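Inspection log for the structure reproduced underneath, given as structure tokens.
Just so it is clear, the values below take in all heavy atoms, side chains as well, and ignore hydrogens, waters and symmetry mates. The residues of the chain are indexed from 1 along the displayed sequence. Worth saying up front: this structure is predicted, and the values here are computed from it rather than measured.
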Amino acid sequence: MGGSKAEEKPAGGGGGGGGEDWWCYQFGNKDALIVKSSKKSPLALRMVVFAMTMICGIFICTMCMKQLGSDSLSRIVKIEVAEQLCNKSAILHSEVHFVHYPQPITYSRSECKCTPVRFFAIISSQRSGSGWFETLLNSHMNVSSNGEIFSSKERRSNISSITKTLDKVYNLDWNSSASKNECTAAVGLKWMLNQGLVANHADIADYFNRRGVSAIFLFRRNLLRQLVSQLANNHDRYLKQLNGTHKAHVHTAYEASILARYKPRLNTTSLIRSLKQVDDYTRDALENLKSINHITIYYEDLIRNRTVEFCG
């Protein structure tokens, strides 16, 4: 069965064109196998291989995108189905946009899947009583306010990070000491104006309006007392007067009496200007966020009457 190379056919023989070689192999007594070898440029072949590679790459990327998209789509469908199964007839038409039925990824709401959940955010500034107010909310067994989530710079570095964090909170997947059971009826967070809120006010207002998030604006009427509280807090941050630890919020009369011993000195020359700057900053922020469904509460009013109903 061994093959042997036969003589090369001359150019033009047997109808062959110039520039091509003819090779002949004989296998025993069988007929000769003639193979035609082309010397043409391989550019066309390379283009075909390149095109096939591109087509395969596009196909693989398309399949991956469809797979990722199907996960998001299935989740949206899951939420929509859950909302369709829950009876909304008792909810006022004006309130439907603010009532939600989230489906957490980290756990199942089981028998509470049709318990409506309201989304909220406490919007405030430092030393305005927001910590105490949040403690009041969290004393309810079905309310979860998750603290100053955006005190972390990474979570407020850009609007994408902000919305990603908010989505996790309002989907009931945020884990904190304030997290309640699967029957949570209201979930939110505490958000200071200087924690990315003012810098991204337009996008955040759009997010709140689109997701049906209600805001609680909480501020102090007495800006001088707020300033004194800030100075006292900064003083304790360095001295750590309570057994070597710093507490931004105290919970006993004894701890409060220790912190109250500090008497800060104020620069009366610049005091009025500083207070006006704080007031203008707050007013501008509220003006930019006024499109959000909200109520406004003042710390002093809440201290005098904790049961009063506030209207926005």
Side-chain angles (χ1 to χ4, degrees), residues 71-124 130-150 155 162-191 197 203-218 289-297 302 306-312:
D71 292 340
S72 300
L73 180 61
S74 63
R75 179 160 186 78
I76 293 173
V77 172
K78 181 180 178 182
I79 294 175
E80 289 180 348
V81 170
E83 292 190 0
Q84 290 175 0
L85 294 176
C86 298
N87 183 13
K88 297 183 180 180
S89 59
I91 301 173
L92 296 176
H93 179 72
S94 59
E95 295 293 318
V96 169
H97 182 61
F98 303 101
V99 173
H100 312 277
Y101 301 90
Q103 298 294 314
I105 298 175
T106 52
Y107 66 94
S108 172
R109 297 190 73 201
S110 59
E111 71 275 7
C112 294
K113 64 183 179 181
C114 283
T115 299
V117 180
R118 293 180 181 269
F119 301 159
F120 69 88
I122 305 169
I123 296 177
S124 186
S130 59
W132 173 71
F133 178 70
E134 188 176 47
T135 300
L136 292 180
L137 293 182
N138 281 326
S139 65
H140 193 288
M141 63 179 297
N142 295 118
V143 176
S144 296
S145 188
N146 294 280
E148 290 184 41
I149 292 176
F150 291 108
R155 296 174 190 151
I162 291 174
T163 54
K164 182 179 179 181
T165 302
L166 291 174
D167 285 342
K168 192 171 182 180
V169 171
Y170 295 132
N171 197 53
L172 303 183
D173 283 315
W174 190 268
N175 186 25
S176 73
S177 58
S179 301
K180 299 297 195 303
N181 53 38
E182 61 271 14
C183 291
T184 295
V187 62
L189 68 155
K190 185 172 64 169
W191 202 346
L197 186 56
D203 291 320
I204 293 169
D206 178 70
Y207 179 93
F208 278 22
N209 289 327
R210 177 167 44 85
R211 293 294 309 273
V213 180
S214 299
I216 303 172
F217 295 151
L218 175 62
L289 298 171
K290 66 180 181 180
S291 65
I292 301 173
N293 182 56
H294 68 276
I295 60 173
T296 302
I297 300 175
L302 199 59
R306 302 184 187 184
T307 62
V308 66
E309 294 184 2
F310 295 90
C311 299

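Interatomic distance, Ile91 CD1 to Cys86 SG, rounded to the nearest 0.5 Å: 9.0 Å. Interatomic distance, CD of Glu95 versus CG of Asn293, reported as 7.5 Å (0.5 Å rounding). Rounded to the nearest 0.5 angstrom, Glu134 CD and Ser139 OG are separated by 11.5 Å. Separation of atoms CG (Asn171) and CG (Leu166) is listed at 12.0 Å; rounding is to 0.5 Å. Of the inter-residue distances, the one linking Leu218 atom CG with Ile295 atom CD1 reads 9.5 Å to the nearest 0.5 angstrom. Here the CG atom belonging to Leu197 is positioned 5.0 Å from the CD1 atom belonging to Ile123, to the nearest 0.5 angstrom.
With hydrogens and angles disregarded, no donor-acceptor distance shorter than 3.5 Å links the side chain of Ser145 to the backbone of Ala178. Under the 3.5 Å distance criterion, the side-chain polar atoms of Glu182 are left unmatched by any main-chain donor or acceptor of Ser108. At least one donor-acceptor pair under 3.5 Å links the side chain of Arg109 to the backbone N or O of Thr184. In this structure, the side chain of Tyr170 engages the main chain of Phe120 through a donor-acceptor pair within 3.5 Å.
The shortest heavy-atom contact between Thr115 and Cys183 is CG2-O, 4.1 Å. Heavy atoms only, all atoms of each residue included: Tyr101 and Cys114 are closest at CE2-O, 3.3 Å. In terms of heavy-atom proximity, Pro104 sits nearest to Leu172 at CG-CB, 3.8 Å. Phe119 and Arg211 get closest at one heavy-atom pair: CE1-NH2, 3.6 Å. The minimum heavy-atom distance between Val213 and Ala121, with the atom names listed, is CG1-N, 4.3 Å.
Contact annotation: the side chain of Leu189 never approaches that of Trp174 to less than 4.5 Å [non-hydrogen atoms, C-beta and beyond]. A 4.5 Å side-chain heavy-atom check between Ile216 and His294 finds every atom pair outside the cut-off. Within the 4.5 Å cutoff, side-chain heavy atoms of Trp191 are placed close to those of Ile204. The shortest distance between side-chain heavy atoms of Ile162 and Tyr207 does not fall below 4.5 Å. Residues Val187 and Val169 have side chains in contact (heavy-atom distance under 4.5 Å, counting atoms from C-beta outward). You'll find the side chain of Leu92 stays beyond 4.5 Å of the side chain of Phe98, heavy atoms only.
Taking the side-chain hydrogen bond (donor to acceptor under 3.5 Å, both in side chains) definition, one finds that Thr106 meets it with Asp173, sequence neighbours left out. Taking the side-chain contact (heavy atoms from CB on, under 4.5 Å) definition, one finds that Ser291 meets it with Ala205, Asn209, sequence neighbours left out.
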